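As C-alpha cells, the structure follows; a few thoughts come after it.
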Amino acid sequence: MPAERLARGGLISLVGSGIAALSSLLLTVLVGQVLGASGTGIFFQALGIFTVLTQVLRLGTNTGIVRFIAEHRAFAREGGEWRIILFAAVPVAVVSAVMSIVVWFASDALARWMSSPDDTDLLAALLRTMAPFIAMSAVLGVVEASARMLRGVAVFTLLQSVMLPLSRLLAVGIFALAGATAWRAFEAWLLPLPLWLVVGAVVIAAPLVRSFRRRSRSIDDDQLTARAFWRFNLPRSVGSALEIALEWADVLIVAAIASPSVAGVYAVVTRVIKAGGIVDQAMRIAVSPTISAMLARSEHARVSALHTSVVRAMILLSWPFYVLTISMGGAVLSLFGPEFVVGWAPMTLLAVSLMLQIACGMLQSILIQGGKSTWQMYNKSIAVTLSVAGNLALVPVLGIWGAAITWLVVAVTDNMIAAVQVHRRMGVHLQPGRLVRAMLPPLVVFGLGGAVFSILWELGPLPLLIAVAVLGSIYLAVLWVLRRWLDIVPLWRKVPVLKRYA
C-alpha cells in the first residue's frame, strides 16, 4: 500500500475515532455532572459488565474476518467472503443468545457476587435491562467487521465510530434532561443498538450477495473451511476475552471492593485515559489488513518498515493528549465535577503506561495477523493474572492508587513479552531508536507548556481550552517546520490546503 493511501485510511479512521472518543468523553462529563461520583460508579460498573460480555461473545471474529478476507484478496481469490462471514456470524449469534437468557435468569446471583449489599437490587435490575441487548451487540460486532472488509474503512468508521457513539450520547442526554437515574441513563445508552444492527445488515447485504453469486469461481482447494477458520480463531477468542477482561478488570474490582464514589472517580480517570487510544485504534483499523497480507507473503522487512512509520505517527498524534493529562490533569478532571479532581495523581501513572504502549506500537496486531494468536493468548493470560492479583492485593490497601500501580506493571510486562516475540521469534525487527525524534515535540510543547499553564492559572475548563488552543497551534507549527526531520511528509500531503507545499 503506498504511503499516501495508508495515510488516507489512517486519517479516516483517526477522524472517526476522534469523534467516538469525544462522544465518550462528553458522555462521561454528562454522567459525572448529572449523577455525581456515586451514580457514575454504578453506571460504569453496568457498562463495564455489558462491554465485557459482548466483546467476549464476539469470539474474536473481527480478527478472523480481517485476516482471512485479506489473505483471500492477497492471492486474488474470488467468491469466498460470504463463507468467511457465515462461519463467524452463526456461532456468535447462537452463543450470545444463550448468554442473554442466562444473564436474565441469573441476574440476582450475579449482582450479589459483584456488588455491595446496598447496591445489589440496582445492579440486578441493570443486568436484566441489558440482557436482551447482549446478543444484539455481539452480532453487531460481526456486522461491523464485515463492513470494514466489504465496504471499506470509511463506511466501517461511520457505523462504529460516528453514528453509534453520537446516538448514544444523544439518547443519554435526553434522559439526563428529564432527570435520569443511573438505571435510566444506562437504559438510554443501550437503546440505539437495534437501529444500527439493522442498518449494518443492510450495508453489507449487497456485497455479500455478490460474493455468494461468485462462489463458483472459487477453486475447491482454496476454499476456507469452518474448521480452519475456528482453528485460527479459537485461540484468538480466548485472547480477545482476556484482552477485554484486562481492560475492565480494574474498574469492576474497584467497584466491587471500594465505595461507589471511589469507583466513579476511577471510572472517569480510566475513561479519560482511554480516550487517547483513538490513534492506536485508527491505525489498527487502517493497517491491519495490509500487515496481514504482507505477513501472508512473508514480507517481514516491509512489515518492519511499515510498523516503524506507523508508530512514529502514533506517537506524534497521541502523546500530546497523554502528556497534557499529566501536566494539566486537574483541569481535565474538573470538567466532570469537583469530586473527580482527586484522581489527578493516579491518572499520571495511567498516562505513562499508555505512552509506553503507544511507543511499542502494533505488537498485538502483528502477532495476531501473523498467525500467532496462541502466543497472544498466553501473553494475555499472564497479563490478566497480574491484573486481577494486583488489584485484589492493592486496591483494599491503596484504593485507586493500587489499581494505577497494577495497570503500569501489567502494561510493561505485556508489551515487553510481545516485543521479544515479534522482534526475535517472528523476524519483524523493531526499531525503537528511530522513534526518539517523534517523542521530543510532544514532551517539550505539551509537557513544559502545560506545566506553565498549570502554574499560572487555576484549575478549570477555560484555562484548559486556552492551553489546548495555544499549545496545539504551536505544536502544529513545530510539526510543519520539522516535517522532513520527523519523516511525516506523507501525512501533511493529506491536508488539502497544505499538500502542495509539503
Side-chain angles (χ1 to χ4, degrees), residues 12-13 15-28 30-31 43-44 46-59 61-62 65 85-86 88-90 92-97 99-101 103-104 125-178 180-209 278 281 285:
I12 291 172
S13 298
V15 170
S17 297
I19 293 172
L22 180 59
S23 299
S24 177
L25 280 177
L26 291 176
L27 175 68
T28 307
L30 185 63
V31 170
F43 176 87
F44 280 107
L47 191 151
I49 294 169
F50 180 82
T51 302
V52 169
L53 284 173
T54 56
Q55 293 290 334
V56 169
L57 291 168
R58 291 174 182 181
L59 305 179
T61 49
N62 59 324
I65 290 171
I85 293 168
L86 183 67
V90 172
V92 169
V94 172
V95 174
S96 60
M99 184 55 68
S100 293
I101 297 170
V103 169
W104 176 276
L126 288 168
L127 289 169
R128 286 189 290 272
T129 298
M130 75 173 70
F133 295 91
I134 290 172
M136 295 183 200
S137 183
V139 175
L140 178 60
V142 177
V143 171
E144 289 173 340
S146 303
R148 172 183 174 182
M149 298 307 294
L150 298 178
R151 288 293 196 180
V153 171
V155 172
F156 167 78
T157 301
L158 183 65
L159 284 174
Q160 185 193 60
S161 303
V162 179
M163 303 311 296
L164 181 59
L166 288 178
S167 60
R168 280 175 162 166
L169 176 62
L170 178 62
V172 174
I174 292 171
F175 274 65
L177 291 175
T181 61
W183 182 3
R184 293 303 178 193
F186 181 65
E187 193 175 43
W189 184 82
L190 293 170
L191 285 178
L193 277 171
L195 169 64
W196 298 114
L197 178 58
V198 173
V199 171
V202 171
V203 165
I204 66 172
L208 272 181
V209 170
I278 61 172
Q281 180 184 358
I285 292 169

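Remember, it's a predicted structure, so these values are computed and weren't measured experimentally. Position 1 is the first residue of the sequence, and the numbers go up from there.
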Starting from the C-alpha separation in whole Å, work towards a yes-or-no answer on side-chain contact (heavy atoms from CB on, under 4.5 Å) for F133 and L197.
CA-CA 11 Å; F133 295 91; L197 178 58; over 6 Å; no

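Partners of A147 by side chain to side chain contact (heavy atoms under 4.5 Å, CB included), not counting sequence neighbours, listed by chain and number: L159, I204. Residues passing the side-chain hydrogen bond (donor to acceptor under 3.5 Å, both in side chains) test with S24 are R271, sequence neighbours excluded. Residues satisfying the side-chain hydrogen bond (donor to acceptor under 3.5 Å, both in side chains) criterion with S23, sequence neighbours excluded, are absent altogether. Take A89 and apply the side chain to side chain contact (heavy atoms under 4.5 Å, CB included) test, not counting sequence neighbours, and it matches V142. Scored by the side-chain hydrogen bond (donor to acceptor under 3.5 Å, both in side chains) test, Q55 finds no partners at all (sequence neighbours excluded). For S137, the side chain to side chain contact (heavy atoms under 4.5 Å, CB included) test picks out F50, T54, R58, L193, with sequence neighbours left out. Remark: V209 engages R213 in a side chain to side chain contact (heavy atoms under 4.5 Å, CB included) (not counting sequence neighbours).
Distance check: L53 CG to L127 CG gives 8.5 Å after rounding to the nearest 0.5 Å. Separating the CZ atom in R151 from the CG atom in L158 is a distance of 12.5 Å, to the nearest 0.5 Å. If you take CD1 on I19 and CG on L26, they are separated by 11.5 Å, rounding to the nearest 0.5 Å. The distance from atom CZ of F175 to atom CG of L30, rounded to the nearest 0.5 Å, is 12.5 Å. Residue E187 holds its CD atom at 11.5 Å from CE of M130, rounded to the nearest 0.5 Å.
Annotation: salt bridge (charged side-chain N to carboxylate O under 4.0 Å, His left out) contacts involving residues 153-165, sequence neighbours excluded, are absent.
What you find for L57 and A138 is that their closest heavy atoms are CB-CB, 4.0 Å. Scanning all heavy atoms of the two residues, the minimum distance from V143 to A201 falls at CG1-N, 3.7 Å. Shown here for F186 and L126, the closest heavy-atom pair between the two residues is CD2-CD2, 3.7 Å.
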Quiz: residues 167-174 side-chain donor-acceptor pairs under 3.5 angstrom, not counting sequence neighbours:
| unit_1 | atom_1 | unit_2 | atom_2 | d |
| --- | --- | --- | --- | --- |
| S167 | OG | M163 | O | 2.9 |
| S167 | OG | L164 | O | 2.8 |
| S167 | OG | W196 | NE1 | 3.1 |
| R168 | NE | W189 | O | 3.1 |

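In this structure the side chain of I85 reaches within 4.5 angstrom of the side chain of L150, judged on heavy atoms. For the pair M149/F156, no side-chain contact is recorded, criterion being any heavy-atom separation below 4.5 Å from C-beta on. S146 is listed as a side-chain neighbour of I65, based on a closest heavy-atom distance under 4.5 Å.
Without hydrogens or angle criteria, S100 side chain to A135 main chain gives a donor-acceptor distance under 3.5 Å.
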